[in-house]
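Written out below as structure tokens is the structure these notes cover.
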Amino acid sequence: MSSFAENLQNIDRRYLYLTLLLIVVIGLLVPIPLPLAVGPQARGVYDAIEKADPRKLAIVSTLWSASTQGENRPQTRVIIEHLMRRKLKFALIAFGDPQSTILAYEVADELAPKYGYKYGRDWINFGFRADIAGTLKGMVRNIEETLKQDTKERKPLHQFPIMKGIRNFDDVGFIAEVSASANYVSWLGLVAGSTDAPFCYAPTSVMAPELYTYIDSGQIAGMLFGIKGAAEYERMLGIKGFTTRAITPVSLTLILLFVLIGLGNYGMFASRRQGGKA
Amino acid sequence: MIHASDRWESAILIALLSAIVLLTIVTAQRGRKYFVRRIPGLNAIDEAVGRATEMGRPILMVPGLSGLGVVGLQALTIFSYIIKTAAQFGNRLIMPTADSALYTVAEEVVRDSYTAAGKPEDYDPNSVYFLSDRQFAFASGVAGTIFREKVAASFLFGDFFAESLIFAEAGQQVGAIQVAGTVSTTQLPFFIASCDYTIIGDEYYAASAYISREPTLLGSLVGQDYCKIIILLVVLIGTIAMSIPALGAKWFFIQWFTL
Amino acid sequence: MNLQKFLISAFPAAKGSMIWIAPLLVIACSVVLFFVLQSLPGRARKALIASLTFLAGLFYALEFFWPVRKGTDENFLTFAVPTVGNVINVLAAFTLGLGVFSLVRIHTGKVVKQREGWPNSAVLLISIVVMAVAGIRFENTLFFRSLFRDVLNSFDAAMFATLAFFIISAAYRAFRIKSAEATLLMVAALVVMLGQIPIGQYLTHWIPENGSFASIFRLDSISNWLLLTVNAPATRAIGFGLGIGGLAIALRLWLSLERGAFFEAKADES
Amino acid sequence: MIEYSHPVGIWIGAIGTLALFSLILKENWLYRLFEHMFIGLAAGYTIKAAWHEILKPQWWIPMTRDGQWPWAFALFGGFLFYTIFTKRYNWMSRISIGILLGFAAGQAFQATANLYIPQIRGSFKPLWVTQSMLPAGSQVTPLGQSLNNILFLVIIITVMTYFFFSFEQKNRVIQSTARTGRLMLMFAFGAIFGSTVMARMALLIDRVWFLMHRWLGIG
């Protein structure tokens, strides 16, 4: 006969799965006000954009595909939205996965009308490049010569008003990369030395831990830690977007995990004490 | 570092390590006997194959996501030994692959292994197939197969990414006995959580030597150990030098490795 | 001697109608080459495979070890690196036909013999055709964009998201205080998770961030410490072993030293 | 603005999402259907990508427009793979396989140097840290950093000791060093596990939101 405690250590996985699903749905529908402290890393990104020189170009580099859009899309969105609020000119560039240029373009394209952003004047899409090291090395010398044309209208870059007076990274005031991989190596290794622009990073939460070394050394000015970082950012911007909504279920699912691990261990010890099989 | 001349000292270290491995391979081929310690997970292979025989259900082998390169080939080498054992017992085999170039080699390896085991007629051409080179399409196909076929044993060797846990949990849920090994360190925790035996780190590369006792591979393994000792020494010297203020980061030895 | 110039003069670009005639001539030569190859005796076959493998590897090895010309970061082989990269890509792309052939063969077989689950196989075959045709011929249509984004990407993301379920059941089962190893695994995971979620950070957010000794007891600090001071060296130590292991197997393949099921080239058997 | 989505596509995507999710409860006919559709679409997309991203720009165009006729040899190289299905000629597939393997192997020197030399250099950490060695504004005290660095070295040594294969680990010292190494590994793996959980949850939430919001229009 199986005791209650023994059952606790062998809960049918289907119950676990359904509970998880239920928690996610409820968490998305009923916003439970959970405390959210804005961390210093997210604040670092915010300050970098606040302090950026409006005469210079901001660059948002993306390296993510649909598979990590749960974290990377809201990150891209908050950064672009903040840039638009501050009326900063920005350019999108994509590496790693050809999809990433389409996905990032969509985000910017969607926000543009709200802030009166005009393509070619206020923002531009440099498009996807397969070879990140070569592209960045070239851009350090001359952005226009390296990239040649934009992706949307396929016109030479100098024909766009936004590119006036922009030659190389000296004319760049802010760099952010939203990424699902460890691309910071290229940016820090190849670009950081030739610009004063602060470098910010918005990785998935799997990647984020790797970056603390560089934050500690000051090479990275700020970071959005996965979906949590995006939620903190929405809070600073005072908008209630997807992540503000999503952060509740994120917390709830992790609490569920803690509870389950607790129950499993309690069950194991309790049944051991009763002389049951552990 | 694009060329050796960017930092000769570092390049020489790489060349030196290569030379050591080659040297031990040659001495092993000339008849010197080398030893290899026990690797627990690998002893479980026979147990897993035996279980599959008892249950009369198939054995699954996945050579990871990577293409035709050292990691995928190493997986196939390990599999070829497992297949030779399995062929003796007439187990059914399923091997989905995620790369078309690796698939061509896998198909040959499996066929050859059946021939080597003396059972060429047991080879089923439909057992090795290309599924998808798209990570999660591959995952959906393999997971579906694990559930449908209720595989008795599952061997996951190669390069795995996020899909590792899908395979391992699916296998867990159908009660398969699972042995996994991967070079992707970030996926090891999930294999450890869900598999019966996990080959960690470069046990993956030691596996073929361990199973086959082939002199070339044993020699190579000994060479690899020497190389690791050298790296450890380099790290130690560097650490000590950094701790002595008079030497520090400017010292020539440390500069050797500063790119 | 400049290798690049030599190659350009040895293989001049075809012009006019030669653009089509030259490749056809190459194909004709290939047919001849095929039969010449087949006439080789076993030993020669083996030697040929080993030496081609060696030469292919030698290209990258030499390109790496050969000193660069003064003032540049190139040596006499560097110019060819992009081309060789293309050759690898193209050769690998040609194998795709084999993969797709394998898929189509198995599923056509099921459909033709009406074996169990054949309608699924039919769906699979239709999906291949629809996606390939739409992608190659009708890339700039809403149909393809929606098929790619709404359908294929959704499937990708859905399968990826099942990991959330699997990670819950795996953690529930594995994180038990059974042994020292399992306990360490659990403790580290719990601390890192707590350090990541907003509520965990909130637990210790009253501890000052900077400048005080107590700050190291913030949950996010502990979690960062774990990742940087414990995880990083362990991963690195594993990495050194893997690096050497990979180098060793690469050497064995390059020099055809590997003996085993596949590598023992059995060219002389057939 | 370019349109990317169509309601029909969203419907198929949503039903497919539910079908793929259903695997966690039980393998069923709906899962099987969408699994096959998924694999088919993926294969179709691979064909498209191989043509558009590799064969057309890197092979066909250079050969047929720029007159680079030696590319026709690549066709022969590719063809040799296909001999694998014949008994008589299948040895020839090894020519192409061998060339691909050779290229992969030859890159190992540069790859090893690039990947591991910086890590070796990065492991040179002073065991005794003074205030001047710390970066400005660092929150760690010299003593704390010294302890961290010592631990760093200890972990590297113990873990690498665990991975020595060619001698019996009989010696007491080596035995306990290797054992410590293994425990350290578990600690590290736990940290990796923990740092992955939130990302996976975010993906699920994104999907559920897709179902609720984009498909059903809730919220």
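The sequence lines fix the lettering, A, B, ..., with proteins before strands; numbering per chain opens at 1. Given the structure is predicted, the values throughout are model-derived calculations rather than measurements.
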Checklist entry - Can you say whether C/Val100 sits under 4.5 Å from chain D via the side chain, the backbone, both, or neither, judging by heavy atoms? => result side chain

Checklist entry - Do the two ring centres, one from D/Tyr45 and one from C/Phe148, sit under 6.0 Å apart? => result yes

Next on the checklist: Name the residue from C/Ile167, C/Leu190, C/Val192 that meets the side-chain contact (heavy atoms from CB on, under 4.5 Å) definition with D/Phe193.
Outcome noted: C/Ile167

Checklist entry - Do you know which of D/Ile15, D/Ile205, D/Thr46, D/Asp66 has the most heavy-atom pairs with chain C at a distance under 4.5 angstrom? => result D/Thr46

Checklist entry - How would you list, by chain and number, every residue that makes a salt bridge (Lys or Arg N to Asp or Glu O under 4.0 Å) with C/Asp150, sequence neighbours excluded? => result none

Next on the checklist: In the structure I gave you, are the side-chain heavy atoms of D/Met92 and C/Gln38 within less than 4.5 Å of one another anywhere?
Outcome noted: yes

Item to check | Largest heavy-atom contact set with chain C, pairs under 4.5 Å, which of D/Thr112, D/Ile12, D/Leu33 | outcome: D/Leu33

Next on the checklist: Would you say that D/Leu204 contacts C/Phe160 through its side chain, given a criterion of any heavy-atom pair below 4.5 Å between the two side chains?
Outcome noted: no

Checklist outcome for this item: So, the part of D/Phe189 with a heavy atom under 4.5 Å from chain C: the answer is both

Checklist entry - Which word best sums up how the rings of D/Trp69 and C/Phe11 line up, parallel for under 30°, tilted for 30 to 60°, or perpendicular for over 60°? => result tilted

Item to check | chain D contacts, top residue of C/Arg252, C/His107, C/Glu63, C/Glu139 (heavy-atom pairs, under 4.5 Å) | outcome: C/Glu139

Next on the checklist: Tell me which of these, D/Phe81, D/Phe103, D/Phe163, has more heavy-atom pairs under 4.5 Å with chain C than the rest.
Outcome noted: D/Phe103

Item to check | Partner chain C: residue of D/Trp11, D/Phe34, D/Phe21 with the largest heavy-atom pair count (under 4.5 Å) | outcome: D/Phe21

Checklist entry - Quick one: are the ring centres of D/Phe38 and C/Phe155 less than 6.0 Å apart? => result yes

Checklist entry - Taking it one step at a time, do C/Val26 and D/Leu75 satisfy side chain to side chain contact (heavy atoms under 4.5 Å, CB included)? => result CA-CA 10 Å; C/Val26 169; D/Leu75 194 65; over 6 Å; no

Item to check | Heavy-atom contact with chain C under 4.5 Å, split by part of D/Leu183 | outcome: both

Checklist entry - For residues 186-214 of chain D, which residue pairs qualify under side chain to side chain donor-acceptor pair (under 3.5 Å), counting only residues two or more places apart or in two chains? => result D/Ser5-D/Arg214

Next on the checklist: Would the distance check show the side chain of D/Trp59 and the main-chain N or O of C/Asn86 forming a donor-acceptor pair, the cut-off being under 3.5 Å?
Outcome noted: no

Next on the checklist: Applying side chain to side chain contact (heavy atoms under 4.5 Å, CB included) to D/Phe109 and C/Tyr60, what does each step give before you reach the verdict?
Outcome noted: CA-CA 8 Å; D/Phe109 300 105; C/Tyr60 278 112; over 6 Å; no

Checklist entry - Does the pair D/Trp29 and C/Asn120 meet the rule for a side chain to side chain contact (heavy atoms under 4.5 Å, CB included), with working shown? => result CA-CA 9 Å; D/Trp29 67 272; C/Asn120 290 329; over 6 Å; no

Next on the checklist: With a 4.5 angstrom heavy-atom cut-off, is it the side chain or the backbone of D/Asn148 that approaches chain C, or both, or neither?
Outcome noted: both

Checklist entry - Is it the backbone or the side chain of D/Phe164 that comes under 4.5 Å from a heavy atom of chain C, or both, or neither? => result neither

Next on the checklist: Would the distance check show the side chain of D/Tyr82 and the main-chain N or O of C/Phe94 forming a donor-acceptor pair, the cut-off being under 3.5 Å?
Outcome noted: yes

Item to check | Heavy-atom contact with chain C under 4.5 Å, split by part of D/Phe210 | outcome: side chain

Checklist outcome for this item: From the list D/Gln68, D/Arg65, D/Gln107, D/Met201, the residue making the most non-hydrogen contacts under 4.5 Å with chain C is D/Gln107

Item to check | Under 4.5 Å from any heavy atom of chain D - which part of C/Leu103 | outcome: side chain

Checklist entry - Most heavy-atom pairs under 4.5 angstrom with chain C, which of D/Leu185, D/Thr17, D/Leu41? => result D/Leu41

Item to check | side chain to side chain contact (heavy atoms under 4.5 Å, CB included) assessment of D/Ile99 paired with C/Thr53 | outcome: CA-CA 5 Å; D/Ile99 290 173; C/Thr53 307; over 6 Å; no

